[in-house]
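Okay, structure first, notes after.
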2 protein chains.
Amino acid sequence: MSTHPTGRNAALADVQPAGPEPAVAAPAASHRVAAFLREAILSGEIAPGERIRQEDVAERIGGSRLPVREAVRMLEAEGLIEYETNKGARVPVLGMREVDLIYQMRERLEPLALIESIPRLTDAHFDELGDIQAQIEQGVDVASFLQLDRRFHLLTYSLCEFDALTSMVIRLWNATQHHRRMFMALIGSGQRWVVNAEHNLLLESLRRRDAVDAERYLQGHIRRTRIELSRHPEVFDRT
Amino acid sequence: MSTHPTGRNAALADVQPAGPEPAVAAPAASHRVAAFLREAILSGEIAPGERIRQEDVAERIGGSRLPVREAVRMLEAEGLIEYETNKGARVPVLGMREVDLIYQMRERLEPLALIESIPRLTDAHFDELGDIQAQIEQGVDVASFLQLDRRFHLLTYSLCEFDALTSMVIRLWNATQHHRRMFMALIGSGQRWVVNAEHNLLLESLRRRDAVDAERYLQGHIRRTRIELSRHPEVFDRT
DNA sequence: TTGAGAGATATTGGATCCATTGGAGGCTTC
DNA sequence: GAAGCCTCCAATGGATCCAATATCTCTCAA
């Protein structure tokens with residue numbers, strides 16, 4: 001197992017193993033609540049369309065409603081929840097066209113993050129990426145695949161040092177997390193060899209530090225997934 | 001004077017003349033505070049690096065600190081302010097590389113918004129765009145130019161109905177507002193004929209509904225501005 | 001049976017209070 | 001005179017209270 005490369009980007013901390021704890025101030029409670037809600041939404045514990053009651057969250061967190069309110073405002077600005085005055089927050093229900101557009105945004109933005117990251121990637125990163133890909137190829141279950149795939153891609157962007165870009169990329173991933181899970185559960189591991197081929201081609205071009213090839217493979221990877229998704233409208237069924 | 005086209009996108013409401021007031025709920029105070037702060041930052045009233053004290057804002061708004069705190073969280077998530085726990089909020093100071101990257105993000109995202117918008121644009125929009133461009137060509141001052149230029153571009157995106165995209169575009173504009181103002185003040189109206197040419201080419205391709213040409217002109221317009229900006233490092237001097 | 005309306009309940013919006021933290025300024029000490 | 005420490009003040013973090021709004025429910029009448 002390779003040593004874990006050190007990340008530079010705070011927004012990508014979740015794909016970076018926690019090194020020795022840096023002397024950074026503890027985040028305010030509102031940030032912890034936001035992280036808690038983010039996780040609950042991404043894991044599917046809170047489903048799209050479901051309402052989020054501030055008091056419930058406050059109780060589960062063990063605090064007052066105030067940090068929850070701040071967290072809700074943050075997630076609202078992130079686009080992870082919808083908010084109506086006096087009516088509260090709920091997880092948005094995205095249709096196919098919206099998800100398709102988010103994938104188009106990813107097609108355009110993620111290559112940029114990759115290009116910024118490539119020159120700084122180290123052998124340790126390539127080893128780690130290889131390890132992740134090896135795990136994926138062992139045929140893991142859907143939940144593990146989603147986690148490893150996310151980790152794989154975000155790791156390739158991890159040395160892009162621009163928070164405005166990396167946080168945007170993460171938000172786009174987050175916004176479609178639910179649909180990705182539905183989609184993978186639907187197709188199972190059927191087409192997973194395509195993903196493996198694409199990941200390996202991408203990784204190979206990264207090792208060569210060939211930004212042109214890497215951008216092409218990455219964009220194709222996202223684009224193919226987008227088109228595949230559009231062929232499965234049942235993913236967007238609101239039942 | 002053309003009638004003002006009706007916009008569909010809430011995020012672009014600021015470039016759409018306010019029609020008959022829709023029966024929409026009054027925004028919560030936190031949103032009004034956020035709009036107030038946004039305007040203060042974009043206008044330069046609050047300069048980059050300057051600290052924002054919650055009590056001051058609450059006093060100017062005539063409310064308590066609570067809505068201000070929520071607004072600060074929103075603007076933090078928007079990237080318009082930086083926040084440190086227990087230390088408060090301040091307007092970030094962006095360096096040349098960061099602004100350059102934001103322009104690269106714009107190069108990739110704004111054509112997407114334009115492509116989505118083009119099929120729905122009406123003659124009324126083209127007339128309005130022509131009016132704006134005519135005003136620009138009369139040689140207005142820097143402040144008016146910035147306002148008209150913003151209005152011109154955002155109007156071309158106004159019929160893109162995806163909030164995730166349009167709000168992102170607006171945030172990218174907002175993030176570099178200060179540098180755009182510095183830059184324009186620096187070069188005066190010297191190179192403005194280039195902008196005029198680009199705007200007219202873009203507008204012409206829009207009238208033809210030629211998405212390919214429009215995307216090319218728009219991307220070139222942003223890219224040229226980015227490179228021009230990179231030739232004026234004095235815009236980023238922190239004095 | 002169903003629809004409308006009034007009242008009850010639940011939830012969010014805002015203000016105020018107190019605790020905690022950061023920082024400025026003065027003081028001591030070497 | 002400068003570095004380090006301590007104290008005080010200012011600003012933020014969080015909890016609780018009350019008001020305003022929305023939502024649910026029960027009743028009553030068509």
Side-chain angles (χ1 to χ4, degrees), chain A residues 10 21-38 40-41 45-93, chain B residues 10 21-38 40-41 45-93:
Chain A
E21 200 61 38
V24 70
S30 49
H31 281 116
R32 286 188 294 111
V33 176
F36 171 82
L37 284 175
R38 220 177 273 121
I41 293 170
E45 188 186 337
I46 306 178
E50 192 170 335
R51 184 168 174 189
I52 298 173
R53 269 180 293 275
Q54 298 176 1
E55 198 107 35
D56 291 354
V57 179
E59 197 173 338
R60 290 195 55 177
I61 287 288
S64 79
R65 262 179 55 217
L66 201 146
V68 179
R69 287 167 66 169
E70 292 182 327
V72 163
R73 294 303 187 189
M74 291 192 274
L75 297 180
E76 179 192 11
E78 280 185 32
L80 200 59
I81 63 176
E82 282 175 339
Y83 202 84
E84 270 184 293
T85 304
N86 284 325
K87 292 175 76 173
R90 59 180 63 244
V91 181
V93 178
Chain B
E21 200 61 39
V24 70
S30 50
H31 281 116
R32 286 188 294 110
V33 176
F36 171 81
L37 284 175
R38 218 178 273 121
I41 293 170
E45 187 187 336
I46 305 178
E50 191 170 334
R51 185 168 175 189
I52 298 173
R53 269 179 293 274
Q54 298 176 0
E55 199 109 36
D56 291 355
V57 179
E59 197 171 340
R60 290 195 55 177
I61 288 289
S64 79
R65 262 178 55 218
L66 201 146
V68 179
R69 287 167 67 170
E70 293 183 327
V72 163
R73 295 302 187 190
M74 292 191 273
L75 297 180
E76 178 191 13
E78 280 185 31
L80 201 60
I81 63 175
E82 282 175 339
Y83 201 85
E84 270 185 294
T85 304
N86 287 321
K87 294 175 76 173
R90 60 180 62 243
V91 180
V93 178

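By convention in this document, chain letters (A, B, ...) are assigned in the order of the sequence lines, proteins followed by strands, and residues within each chain are numbered from 1. Note that the structure is predicted; figures quoted are calculated from it, not measured.
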Enter the distance from [X]:[atom1] to [Y]:[atom2] here, rounded to the nearest 0.5 Å.
X: A:I52; Y: A:I46; atom1: CD1; atom2: CD1; value: 4.5 Å
X: B:I81; Y: B:R38; atom1: CD1; atom2: CZ; value: 10.5 Å
X: A:E59; Y: A:S64; atom1: CD; atom2: OG; value: 12.5 Å

For the student: nearest non-hydrogen atoms of B:S30 and B:M74, plus distance
O-CE, 3.2 Å

What one should report as the nearest heavy-atom pair of A:A29 and A:P67 is CB-CB, 4.0 Å

Determine yes or no for a side-chain-to-main-chain donor-acceptor pair under 3.5 angstrom, with A:R51 supplying the side chain and A:R90 the backbone.
no

[atom1] of [X] versus [atom2] of [N]: gap in Å, rounded?
X: B:L66; N: D:dG14; atom1: CG; atom2: P; result: 12 Å
X: B:R65; N: D:dA10; atom1: CZ; atom2: C1'; result: 11 Å
X: A:N86; N: C:dT11; atom1: CG; atom2: P; result: 14 Å
X: B:E59; N: D:dA11; atom1: CD; atom2: P; result: 11 Å
X: A:I61; N: D:dG14; atom1: CD1; atom2: P; result: 12 Å
X: B:R90; N: C:dG22; atom1: CZ; atom2: P; result: 15 Å

In residues 48-56 of chain B, which residues come under 4.0 Å of DNA chain C by heavy atom?
none

Using a strict threshold of under 4.0 Å (side-chain N to carboxylate O), is an ion pair present between B:R73 and B:E70?
no

Does a side-chain heavy-atom distance below 4.5 Å link B:R69 with A:R69?
no

Let me know which of B:V72, B:L75, B:V68 forms a side-chain contact (heavy atoms from CB on, under 4.5 Å) with B:V33.
B:V68

OP1 or OP2 of C:dG13 versus the side-chain N and O atoms of A:Y83: is any pair under 4.0 Å?
yes

Could you tell me whether the phosphate oxygens of C:dT21, OP1 or OP2, come under 4.0 Å of any side-chain nitrogen or oxygen in B:K87?
no

Does any residue of residues 69-81 of chain A have a heavy atom under 4.0 Å from DNA chain D, and if so, which ones, in number order?
none

